[in-house]
Amino acid sequence: MTQRLRIATWNINSLRLRLPLLPRLIGALDPDVICLQETKVPDELFPVDAPAELGFPHVAYAGMKGYNGVAILSRIPLQRQTTAPDWCAKGDSRHVSVLLDMKSGPVELHDFYVPAGGDIPDREENPKYGHKLDFVGEATSWFAGRKDLARTVLVGDLNIAPLEHDVWNHKQLLDVVSHTPPETSGLLAWQNTRFHDAVRHFVPEDQKLYTWWSYRNRDWRASNRGRRLDHVWVTPDLKDGLASHTILKDARDWPQTSDHVPVCVELEV
DNA sequence: ATGGTGGGCTCCCCA
């Protein structure tokens with residue numbers, strides 16, 4: 001007896017501004033759970049009535065003023081978890097996790113917004129780059145220490161394109177923050193704490209695959225200088241249940257949209 | 001070619 005679990009993740013780049021786009025996402029993907037990043041809304045200003053009106057009455061969120069912020073909107077009942085540390089001791093609203101009440105038992109779900117890391121790929125010159133690498137390192141250590149980790153999904157804007165064909169030009173981007181060797185090796189080390197890349201499960205590694213296109217392009221589709229920054233990972237016990245995936249490229253043309261597009265994975269659990 | 005665009009929020013940060 002399995003149950004469908006369809007999880008969408010989207011860097012929405014301001015929840016309040018783009019709330020009108022969520023019905024489009026729901027119409028296109030019919031998700032059971034929506035994980036958002038860069039909500040940019042403090043908890044006291046979170047639009048508390050909106051999720052239930054969209055059919056997602058169960059929520060968990062962590063926000064702050066102006067920057068960052070994550071939220072999980074769910075059709076499935078959930079319990080918030082408070083076991084993870086305050087990453088890099090910054091209290092900067094980059095992670096929320098829950099247990100989803102599936103019929104077969106709980107599924108653990110983590111929603112991350114990894115620091116973007118600034119422009120200069122050097123720890124000394126650019127503390128934001130160091131913060132990013134430290135964040136990934138802390139997350140790696142924490143998940144490596146979770147010896148009981150099972151039935152777990154990790155999603156989010158991880159701000160790193162780990163594979164050669166996760167960027168439009170591998171060689172040209174090797175010194176561009178998001179695709180530098182310390183970042184890509186760090187992200188794969190995190191993934192190797194037990195996770196399986198649920199999107200590359202469906203798309204061979206030699207095929208180009210992007211989830212983000214800069215605002216700073218006249219025609220994002222024509223130039224197609226994308227990067228795969230948004231990810232869905234699952235623990236091995238969920239791998240056999242992987243049913244399908246969608247990268248909702250159409251969303252990049254929605255009115256007043258985000259520079260990221262939604263990524264969705266369906267599982268049977 | 002070192003720009004370009006966009007969101008939040010305040011006289012500039014961040015992506």
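To find a chain, count down the sequence lines: A is the first, B the second, and so on, and within it residues start at 1. Just so we're clear, the structure is a prediction, and the values are computed from it rather than from any experiment.
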Measure from the side-chain heavy atoms of [X] and tell me the nearest of [options].
X	options	result
A/Gln256	B/dG7, B/dC14, B/dG4	B/dG7
A/Ser14	B/dC14, B/dG8, B/dT5	B/dG8
A/Lys40	B/dT10, B/dA15, B/dG8	B/dG8
A/Leu17	B/dT10, B/dA15, B/dG7	B/dG7
A/Arg16	B/dA15, B/dC14, B/dC9	B/dC9
A/Tyr113	B/dG6, B/dT10, B/dA15	B/dA15

Interatomic distance at [atom1], [N] relative to [M], whole Å:
N	M	atom1	result
B/dA1	B/dG6	P	26 Å
B/dG4	B/dA15	C1'	13 Å
B/dC14	B/dC9	P	14 Å
B/dT10	B/dT5	P	24 Å

Given atom [atom1] of [X] and atom [atom2] of [N], what is their separation to the nearest angstrom?
X	N	atom1	atom2	value
A/Arg218	B/dG6	CZ	C1'	16 Å
A/His260	B/dG6	NE2	C1'	12 Å
A/Leu45	B/dG7	CG	P	19 Å
A/Arg225	B/dT5	CZ	P	15 Å
A/Glu38	B/dG7	CD	C1'	9 Å
A/Asn217	B/dA15	CG	P	19 Å
A/Trp213	B/dG4	CH2	C1'	19 Å
A/Asp119	B/dG4	CG	P	15 Å

Pairing donors with acceptors under 3.5 angstrom, does anything connect the side chains of A/Gln37 and A/Thr9?
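Yes, A/Thr9 and A/Gln37 have a side-chain donor paired with an acceptor closer than 3.5 Å.
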Got a salt bridge between A/Arg146 and A/Asp148, using NZ or NE/NH1/NH2 to carboxylate O under 4.0 Å?
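A/Asp148 and A/Arg146: salt-bridged.
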Does the pair A/Asp134/A/Lys90 count as a salt bridge with the N-to-O cut at 4.0 Å?
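Salt bridge flag = no for A/Lys90 with A/Asp134.
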Using the side chain to side chain contact (heavy atoms under 4.5 Å, CB included) definition, which of the options A/Ile34, A/Leu109, A/Val33 pairs with A/Ser74?
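Answer after filtering A/Ile34, A/Leu109, A/Val33: A/Val33.
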Please test A/Trp87 against A/Asp92 for side-chain hydrogen bond (donor to acceptor under 3.5 Å, both in side chains), starting from the C-alpha separation and ending with a verdict.
CA-CA 8 Å; A/Trp87 310 101; A/Asp92 59 355; over 6 Å; no
Counting just side-chain N and O atoms, does A/Lys132 come under 4.0 Å of either OP1 or OP2 of B/dC14?
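For A/Lys132, the contact criterion (side-chain N or O under 4.0 Å from OP1 or OP2 of B/dC14) is not met.
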With a 4.0 Å limit, can you tell me whether A/Lys128 has a side-chain N or O closer than that to the phosphate oxygens OP1/OP2 of B/dA15?
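Result: yes.
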Sugar-phosphate only, base, or nothing, as touched by A/Arg18 at under 4.0 Å among non-hydrogen atoms
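Result for A/Arg18 = sugar-phosphate.
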Mapping A/Asn159 and A/Thr257 to their closest nucleotides on DNA chain B, which lands nearer the 5' end?
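Mapping each residue to its closest nucleotide by heavy atoms, the 5'-most match is A/Thr257.
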Report yes or no: does A/Arg18 contribute a side-chain atom to a donor-acceptor pair with the main-chain N or O of A/Ile12 at less than 3.5 Å?
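Yes, A/Arg18 side chain to A/Ile12 backbone: donor-acceptor pair under 3.5 Å.
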